[in-house]
Number of protein chains: 2
Amino acid sequence: MILALPSETVFHTIESTIKQYRKFAQKNITKALPGMTVDQGLVLIFLHEHPELTQKEIAQLVFKDNASMTRMINTMVKKKYLKRSMNEKDRRRYKLKITPEGKELLKKLPPIIQKNRSASLEGISKKEQDQLTKILIKIQTNCQKS
Amino acid sequence: MILALPSETVFHTIESTIKQYRKFAQKNITKALPGMTVDQGLVLIFLHEHPELTQKEIAQLVFKDNASMTRMINTMVKKKYLKRSMNEKDRRRYKLKITPEGKELLKKLPPIIQKNRSASLEGISKKEQDQLTKILIKIQTNCQKS
DNA sequence: GTAATTTAATTGATATATCAATTATATTTA
DNA sequence: TAAATATAATTGATATATCAATTAAATTAC
């Protein structure tokens, strides 16, 4: 069977693109906020916008599983970005609170993220971005068909 | 500063697409070859096509760093897919040989991979795939600037 | 209202990711 | 050629990924 080398497929390109974007974004975040990771930044942003999110919901938003999210929140608590507290309504869950230190960092994030996004999308029209999204979603749909 | 939520960006879509594809591909590989991972399969395929590849070169092909590759090859040796042997020409490197067991698995991989690819690209024209690649490469180029 | 089921989070085990430091060998330079 | 530099691979430390099993609480079914 003749199989195209993995490096010649569109999947390879998708993967290398997201990895390069992540490296690029991480580099710029590290410059301004040493010790913070891209994903920790995302968690802060999501929690800021939606304070009632559970760990599970955040995990889904950043494409991690619950186990990873538990450990990630652990390190964010250790780093004092977050505090866990009881959720009286549902005692299986926690309330996740951004600490004042976390809020300080959070303030510095948006301009960095904005710059990362616009720099990496430079010269790519809105139309192209929509095309990209549309095609990617087709792939996702295909992958979900059991 | 008003920042689009990460979940509304094209980066989010790129990341979720590749993760879903990986899950889909892994599921099908596991079904046929329990214990084998997508990346281990890729390493076998690359080594089969280019037996002289060094660990470092393979690492680049599958987007891992050298440290990860060392450990990945360790587990592939432990699983008896591969054997390390001396490279007399350059004693910093190894020769990586696919074992007979590894070759057996390798034979079964191509049809599975082919099926994964075509299933996830179903209904996506060649033209769309080219568009996708073109746009992604633009993003990569942007991320490489400085 | 109690038993069965579901859900959110955790834990353990193992693999991988990442960075920095180290080792051993090759290559370059003075 | 000896010293400086570069390269391939490894190792250590820490974080994350993944799967399966577990715990504790909530929900559903009977």
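Every chain is numbered from 1 and lettered A, B, ... according to where its sequence line falls, protein lines coming before strand lines.
- Here C:dT16 presents its P atom at 15 Å from NZ of B:K19, a figure rounded to the nearest Å.
- Among the protein residues, B:R22 comes within range of no part of the nucleic acid, since none of its heavy atoms lies under 4.0 Å from any strand.
- The pair A:E15-B:R22 meets the salt-bridge criterion, with a side-chain N (NZ, NE, NH1 or NH2) lying under 4.0 Å from an Asp/Glu carboxylate O.
- The nearest whole Å value for the distance from the CD1 atom in B:I29 to the P atom in D:dC19 is 13 Å.
- In this entry the distance linking CG of A:N87 with P of D:dA25 reads 13 Å, nearest Å.
- Nearer the 5' end of DNA chain C, as judged by each residue's closest nucleotide, is the contact made by A:Q55, out of A:Q55 and B:D65.
- Toward the 5′ end of DNA chain D lies the nearest nucleotide of B:K23, the other residue of the pair B:K23 and A:K89 mapping further downstream.
- A sub-4.0 Å separation between OP1 or OP2 of D:dT10 and a side-chain N or O of B:R84 is present.
- The nearest whole Å value for the distance from the CZ atom in B:F63 to the P atom in C:dA17 is 12 Å.
- If you take CE of A:M72 and P of C:dA9, they are 15 Å apart, rounded to a whole angstrom.
- At a cut-off of 3.5 angstrom, the base of D:dT7 holds at least one donor-acceptor pair with the side chain of B:R92.
- Under the 3.5 Å distance criterion, the side-chain polar atoms of A:Q140 are left unmatched by any main-chain donor or acceptor of B:Q20.
- Residue A:T54 is in sugar-phosphate contact alone, with no base atom involved, counting any heavy-atom pair closer than 4.0 Å across all strands shown.
- Between A:Y94 and B:D39, it is A:Y94 whose nearest contact on DNA chain C lies nearer the 5' terminus.
- Heavy atoms of A:D90 sit under 4.0 angstrom from primed sugar atoms or phosphate atoms, though from no base atom.
- Distance from the side chain of A:K78 is smallest for D:dA15 among the nucleotides C:dT11, D:dA15, D:dG12.
- Contact of A:R71 with D:dT14 (side chain to base): no donor-acceptor pair of N or O atoms is detected under 3.5 Å.
- Here A:S68 does not reach the OP1 or OP2 of D:dT16: none of its side-chain N or O atoms lies under 4.0 Å away.
- With distances taken from any side-chain atom of B:K56 to the nucleotides D:dA9, D:dA25, C:dT11, the minimum falls on D:dA9.
- The shortest side-chain heavy-atom distance between A:N28 and A:K115 does not fall under the 4.5 Å cut-off.
- A 4.5 Å side-chain heavy-atom check between B:R117 and A:P6 finds at least one atom pair inside the cut-off.
- A straight line from CE of B:M69 to C1' of D:dT7 spans 17 Å, rounded to a whole angstrom.
- Of the candidate nucleotides C:dA9, C:dG12, C:dT18, C:dA9 has the atom nearest to the side chain of A:N66.
- Among the protein residues, B:Q40 comes within range of the sugar-phosphate backbone only, with heavy atoms under 4.0 Å from sugar or phosphate atoms but none that close to a base.
- Contacts of A:T75 with the nucleic acid, taken as non-hydrogen atoms under 4.0 Å apart, involve only primed sugar atoms and P, OP1 or OP2.
- Side chain of A:S120 to backbone of A:N116: a donor-acceptor contact under 3.5 angstrom is found.
- Salt-bridge formation is detected for the pair A:D90/A:R93: a Lys NZ or Arg NE/NH1/NH2 atom is positioned less than 4.0 Å from an Asp or Glu carboxylate oxygen.
- Going from atom CD1 of B:I73 over to atom C1' of D:dT11 covers 16 Å, rounded to whole Å.
- Residue B:N74 contributes atom CG, which lies 15 Å from atom C1' of C:dA17 at whole-angstrom precision.
- If you find the closest nucleotide of DNA chain D to A:E88 and to A:K64, the one lying nearer the 5' end belongs to A:K64.
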